[in-house]
Protein chains: 4
Amino acid sequence: MAVTDFNGPDFDSWELRELKEKLVNAAHILDREGVTDGFGHVSARLPNGDAFLTLAGVSPGCATVERLVMLDLDGNYLGGEKAPPYEWPIHACIMRARSEVMSVCHTHSKWSSLFSILKGGLQPIHMYAKFLPPSGPPIYPAAGLVGTIERGAALAAALKDSAAVLLRAHGDAVVGNSIEQAILRTLQLSFLGELAHMAVAHGEPLYLSQDELATFSADQAFPARPWEYYLSRIRERRSS
Amino acid sequence: MAVTDFNGPDFDSWELRELKEKLVNAAHILDREGVTDGFGHVSARLPNGDAFLTLAGVSPGCATVERLVMLDLDGNYLGGEKAPPYEWPIHACIMRARSEVMSVCHTHSKWSSLFSILKGGLQPIHMYAKFLPPSGPPIYPAAGLVGTIERGAALAAALKDSAAVLLRAHGDAVVGNSIEQAILRTLQLSFLGELAHMAVAHGEPLYLSQDELATFSADQAFPARPWEYYLSRIRERRSS
Amino acid sequence: MAVTDFNGPDFDSWELRELKEKLVNAAHILDREGVTDGFGHVSARLPNGDAFLTLAGVSPGCATVERLVMLDLDGNYLGGEKAPPYEWPIHACIMRARSEVMSVCHTHSKWSSLFSILKGGLQPIHMYAKFLPPSGPPIYPAAGLVGTIERGAALAAALKDSAAVLLRAHGDAVVGNSIEQAILRTLQLSFLGELAHMAVAHGEPLYLSQDELATFSADQAFPARPWEYYLSRIRERRSS
Amino acid sequence: MAVTDFNGPDFDSWELRELKEKLVNAAHILDREGVTDGFGHVSARLPNGDAFLTLAGVSPGCATVERLVMLDLDGNYLGGEKAPPYEWPIHACIMRARSEVMSVCHTHSKWSSLFSILKGGLQPIHMYAKFLPPSGPPIYPAAGLVGTIERGAALAAALKDSAAVLLRAHGDAVVGNSIEQAILRTLQLSFLGELAHMAVAHGEPLYLSQDELATFSADQAFPARPWEYYLSRIRERRSS
């Protein structure tokens, strides 16, 4: 990975400061809310579009602005810590395939791991499922870490136009048009997994129809409220 | 929403101070005890009866006395932060239909969400069920957030004379003749849901009969004790 | 309840100081370890045998040495806060029936509540079950709080010579020859309930035979170690 | 147990300082991550091979460098607190049978306890299972604490060349070529147990084949990252 002819902002420039801090907060939220363990990462595409920031080989709960790395969509190093995550192609390949995606989360979430190896899929039984396809997130079936462009491209193909994809026996990848959206969706996917898991003990539940999901989707959404809330929870922790 | 000819106490008056602090504590308890996420709200009817206080577009865990709003039962703004929750009709319509109700809690409780989409209902298997109908809380079946008077009225009709109603694929609404009662019932409903969920794995449990529930109901109750306890838990958190 | 001709130590005497502090610690441990909610209590029999100390109408998590009450085995008030718990007969009647019992815990434990309404009982599937009868703890089947001598006597009869009894749709009562033993058994009963609940999903487990339980029982036990551990956890909490 | 002709480093020597601190951290991680209760222990073999350090009759969460003990592989006392854990043969016998093992963890993990009494075994349904045999960890079936050389030898025989063995109705023993590896495997075993437990409710899951596990195993591993993460979590706790 060599430095390319990238002409976006420098890794250390002031204009990236806010994005980097938000990314670190996002990583801490993943950790605080219990959807990730010592592994997993979250990324943010740069405003100019052809590069992204992510965690540099550090657990989400230990992330700092000093431990970020900047890569272009081919994985070329552009700045920051020289330890890109082994699975950087998750971020690069999805961002290349989906130009509207500004952030990608990858975790080993317990609930995503569970549904990734079940045959029935993750059916919508709560309004939070409105960001998902009616039959639930698709599954990327291959074994192995997503450490190559080939695997990353196959993952992006499995994701297709969905907001989330489950990685079989591994975890999930969730996208958003902002860091906040990718994080909130990751947390809601976890909630949906837990709920769908519990429901199975009770016989066929009353799944939401496409019309019903559409009704929920037509209502207003309030993404700023949970973001403020999750920020308050990581701040409370830092000050304790 | 325009200011009406309401002649109860002013939002900033001293006589509302205690009620506002109790409401904020109630919101923090919902959060601390894990029955809500970044969404949900709790309301308190004013002593004069025709208005209520609730959270102004803020997560229960982030509520403060400055972030409350006062509305009349038609949703007209009477004071406080100018951001009533989108689902204010949950509170207004239930209080209008049930004059004895002094407080309403609305959460996306995991357990209420679960039972809201199951066919079997939430049967009583613990003495804490004594505030519920013997066949469990009714279910409001419609999709969509309760953001209009029409939906609020339909919700109040589904609630009827019960202490709680489940909102399908969404959560619950629980009422009380005081803030303390609405909160304690919300927590007990969560406990009852968890218990009923676990019991289903073991074959038909020994449900409580109406007579048995009546025996438990005839015994004394001690609502001050858990309220003191839950307050101690939010205070411990604040001081840590 | 009038003061009787009791001639044991005075409630405020120095010789009870250590016992009272241990009792408060025990209540805090019940709370810290999550086996109780705002209700429940724990008692300690006095060395002279015919009286006991317990919580005076306060949640276990809020207990202090000032909020204890001393009663004789008929429930007569002997000192401390004048608010004995409504269910004092749980303690008095069991201590009267079982002279070796020095401490009784009563909680609304989730796991005890669950098994109290199941038909199959709580079978031994872990070595911690060595303090229980091979078919699990007996069940007290009656509805209603144990607020009278009659109900307390029926509970003691259901307990018989077991170390624990489940109160149907209510919780449990667990006894020990010391406060430490009653607490540790309560925590282990909770662990056993969780384990037995999970096992049921997997088909018939390999239950421990009486011989196998006897083998575990024949081995040494180390009750001081978990007591030190649980104390460290409540101290950590107090200092945070 | 008498002092032998051991000629490795003295218990109080500086060269053991780092190993002892790492061992205490390991014990605290076991506690912090919830895989152990007041019981359980972890050991570290000395560089010279024929002795080990472990907890001296203290709960993992209460371990300190002063409360360690040094024993040779026959259980002879070599230094430190004179209270070796009753089950020291778990460590001594496994280290004797497996010369590459540098650390052994023993816990009463809820998930290991569960699968130890199930007939189906713990099948691999997540990439974290790559350190386990394809049919899951073997089970040591005998009742009783592992307090004698005979029982320890039987346990080592059940473990054979696996990385973990389940102790029926008791817990687990997990080995590693470093303290870090033994701890990470213990945590992953717990995660795998939870996942396999949940999966059983959904019909036959898509187990990983040996080829698929081999694909995951062929990928790089990053053990330093979770170790840093788990250390950060015990430090956060100490400073709170």
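Just so it is clear: chains get the letters A, B, ... in the order the sequence lines come, proteins before strands, and each one is counted from 1.
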Heavy-atom proximity to chain A below 4.5 Å, by part of D/Tyr207:
backbone
D/Glu21 atom CD, neighbour heavy-atom count above 12 within 6.0 Å:
yes
Looking at CG of D/Leu195 and OG of A/Ser116, how far apart are the two atoms once the value is rounded to the nearest 0.5 Å?
7.5 Å
Give the intermediate values and the outcome of salt bridge (Lys or Arg N to Asp or Glu O under 4.0 Å) for residues A/Arg67 and D/Glu228.
CA-CA 13 Å; A/Arg67 298 179 75 180; D/Glu228 180 199 24; 2.6 Å; yes
Where is the tightest heavy-atom contact between A/Arg151 and D/Thr215, given as atom of each residue plus distance?
NH2-CG2, 3.8 Å
Check: A/Gly144 main-chain N/O paired with D/Asp219 side-chain donor or acceptor under 3.5 Å
no
Using the side-chain contact (heavy atoms from CB on, under 4.5 Å) definition, which of the options A/Leu114, A/Leu118, A/Val200 pairs with D/Met198?
A/Leu114
Using a 4.5 angstrom heavy-atom cutoff, name the option from D/Glu212, D/Glu204, D/Arg233 with the most pairs to chain A.
D/Glu212
Roughly how far, to the nearest 0.5 Å, is the CH2 atom of D/Trp227 from the OG atom of A/Ser59?
13.0 Å
Could you measure the distance from the CZ atom of D/Phe191 to the OG atom of A/Ser113? Nearest 0.5 Å is fine.
4.0 Å
Give a yes or no on this: more than 12 heavy atoms of other residues, nucleotides or ligands lie within 6.0 Å of atom CD of D/Glu100.
yes
Kindly compute the distance separating NE2 (A/His170) from CE (D/Met127), expressed to the nearest 0.5 Å.
3.5 Å
Looking only at the side chains, is there a donor atom on one of D/Tyr229 and A/Asp37 sitting less than 3.5 Å from an acceptor on the other?
no
Is the A/Phe39-D/Phe222 ring centre distance short of 6.0 angstrom?
no
Between A/His108 and D/His126, is any side-chain donor less than 3.5 angstrom from a side-chain acceptor?
no
Judged by atom type as modelled, is there a donor-acceptor pair below 3.5 Å linking the side chain of A/Arg168 to the main-chain atoms of D/Leu206?
yes
Within the supplied structure, the quantity of interest is the number of heavy atoms (other residues, nucleotides, ligands) at a distance under 6.0 Å from A/Lys119 NZ; does it exceed 12?
yes
Other residues, nucleotides, ligands: >12 heavy atoms within 6.0 Å of D/Gln220 CD:
yes
